[in-house]
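Quick notes on the structure that follows.
Given the structure is predicted, the values throughout are model-derived calculations rather than measurements.
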2 protein chains.
Amino acid sequence: MARVGLTPERLAQAGAELADEVGFDEVTVSALARRFDVKVASLYSHLKNSDDLKTRIALLALEELADRGAAALAGRAGKDALAALGDVYRDYAREHPGRYAAAQLRLAPETAAASAGVRHAQMTRAILRGYDLTEPDQTHAVRLLGSVFLGYVTLELGGGFSHSAPDTQETWTRVIDALDALLRNWPAPSIPSD
Amino acid sequence: MARVGLTPERLAQAGAELADEVGFDEVTVSALARRFDVKVASLYSHLKNSDDLKTRIALLALEELADRGAAALAGRAGKDALAALGDVYRDYAREHPGRYAAAQLRLAPETAAASAGVRHAQMTRAILRGYDLTEPDQTHAVRLLGSVFLGYVTLELGGGFSHSAPDTQETWTRVIDALDALLRNWPAPSIPSD
DNA sequence: TGTATTTACCTAAAGGGTTTAGGCAAATAC
DNA sequence: GTATTTGCCTAAACCCTTTAGGTAAATACA
């Protein structure tokens, strides 16, 4: 009965690695117990339940992503910053698909509010300081950028762009070009036609 | 032992309803059997396995969505068409969150190729006929639109935009405005800076 | 350094989902 | 009206989750 030294943190870390290997949906308390060569019930001293595990993995991923984002944004502005943050998400998803999926987990509102998720919103807003947008357009733009990053990375990772020319790297570059052009030239509201 | 009249189609349909009620992830062969007041094993004459069920629900959702898209695009072009297709996705996700989640299921390549998924790509391309884009820019734009629609609807539905002004309807309108402006003014490739 | 307490992992068991094998009765064919 | 097919059944194995209660290792402290 040698003690293994389990902690919620180590379990979340190992869970994140497991997620990258087998997919976030395949992460189970049982599989994690196997990985530590320990009985399943033992994990329940450190974890409330299966959801608790998944939440911890999600929080870990959000934090890693925010750290990478902050590092990438340091000293950059405008389109440079835009491209850098976009690359952070895209590269992270390719390196750590399981963690990236975890970061998409729907968290309880209070959990989300206390998570690194808020740093993500702040970073996107920081990028927009390099463009000439005031409220409420800035919020619209934050939401648009979030949508594009999430949607693009999800589709590319899921194979939605596969086996078709041109390659996805080229599209990615052009999407960043397009977003930059759009932000520099943000349109006024159109007049409702009815 | 009265016969209930199960068929793969009825099961997929009921599964779709179940998904909207309890969430796509909560759809299980067991729950579906309960709904038909039938033993679980009975469903396995009509379904290969749990994955088969989920795939059928996904295909059903993709088809419904494509049908709605086609109806919405009929007789429209340009920004009108763009807004109409976007609304189709957004409204469908709100009316049928479980089905919408199902439509996001990663399908096996051959399954995807034979699904209504291809009609979706065609519809997006059809919209771009109202703008002055040639290949490969058209493909870049198709991918961008797909990303925005997927990302926006996912975030809005997941509560990612909640409790913050301005409201999401306004942002949605402005996002469509922005995409229209972008497509009318699609930027040439930028010169790599290194 | 020896004893008391806490802590970490264990066994056992119940409950639910998935899936296969084999049986019987209802529908259908002729 | 009999033969065949088909549809739903029982039974059982396997895996994951979660709780209850036990034992041994680590720690506290005299």
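When rounded to the nearest whole Å, the span between CG of A:Asn49 and P of D:dT18 equals 5 Å. In this structure, the CD atom of B:Glu26 is 15 Å from the C1' atom of D:dC16, given to the nearest Å. At whole-Å resolution of the value, CZ in A:Phe36 and P in C:dA8 are 14 Å apart. At whole-Å resolution of the value, OH in B:Tyr44 and C1' in D:dG7 are 17 Å apart. Whole-Å rounding puts the B:Arg10 CZ to D:dC8 P distance at 9 Å. As rounded to whole Å, 12 Å separates atom P of D:dC16 from atom NZ of A:Lys54. Rounded to an integer number of Å, the gap from B:Leu47 CG to C:dT20 P is 12 Å. The nearest whole Å value for the distance from the NE2 atom in B:His46 to the P atom in C:dT20 is 15 Å.
For A:Val38, the listed nucleotide lying nearest its side chain is C:dC10; candidates were C:dC10, D:dC16, C:dT20. When distances run from any side-chain atom of B:Ser50 to the nucleotides D:dC16, D:dT18, C:dT19, the shortest one goes to C:dT19. Closest contact between the side chain of B:Lys39 and the listed nucleotides C:dC9, D:dC8, D:dT10 involves D:dT10.
Taking the six-membered ring for Trp, B:His96 and B:Tyr100 have ring centres at least 6.0 Å apart.
A salt bridge links A:Glu156 to A:Arg94: one of the charged nitrogens lies within less than 4.0 Å of a carboxylate oxygen. In this structure, B:Lys79 pairs ionically with B:Asp177, as a charged nitrogen and a carboxylate oxygen lie closer than 4.0 Å.
Annotation: of the two residues near DNA chain D, B:Leu6 and A:Ala41, the 5′-most nearest-nucleotide partner is B:Leu6.
B:Val4 comes within 4.0 angstrom of the backbone, heavy atoms only, and of no base. Using a 4.0 Å heavy-atom criterion, one finds that B:Thr28 contacts the sugar-phosphate atoms exclusively.
Side-chain heavy atoms closer than 4.5 Å link hydrophobic residues (I, L, V, M, F, W, Y) into clusters, and following such links, possibly through other members, connects B:Val148 to A:Ile127.
When the options A:Tyr152, A:Tyr89, A:Phe161 are evaluated for a ring-ring contact (aromatic ring centres under 6.0 Å, His included) with A:Trp172, the one that passes is A:Tyr152.
A close approach under 4.0 Å does occur between a side-chain nitrogen or oxygen of A:Ser42 and OP1 or OP2 of C:dC10.
For C:dA26, the base has a donor-acceptor partner in the side chain of B:Arg3 [N/O atoms by modelled type, under 3.5 angstrom].
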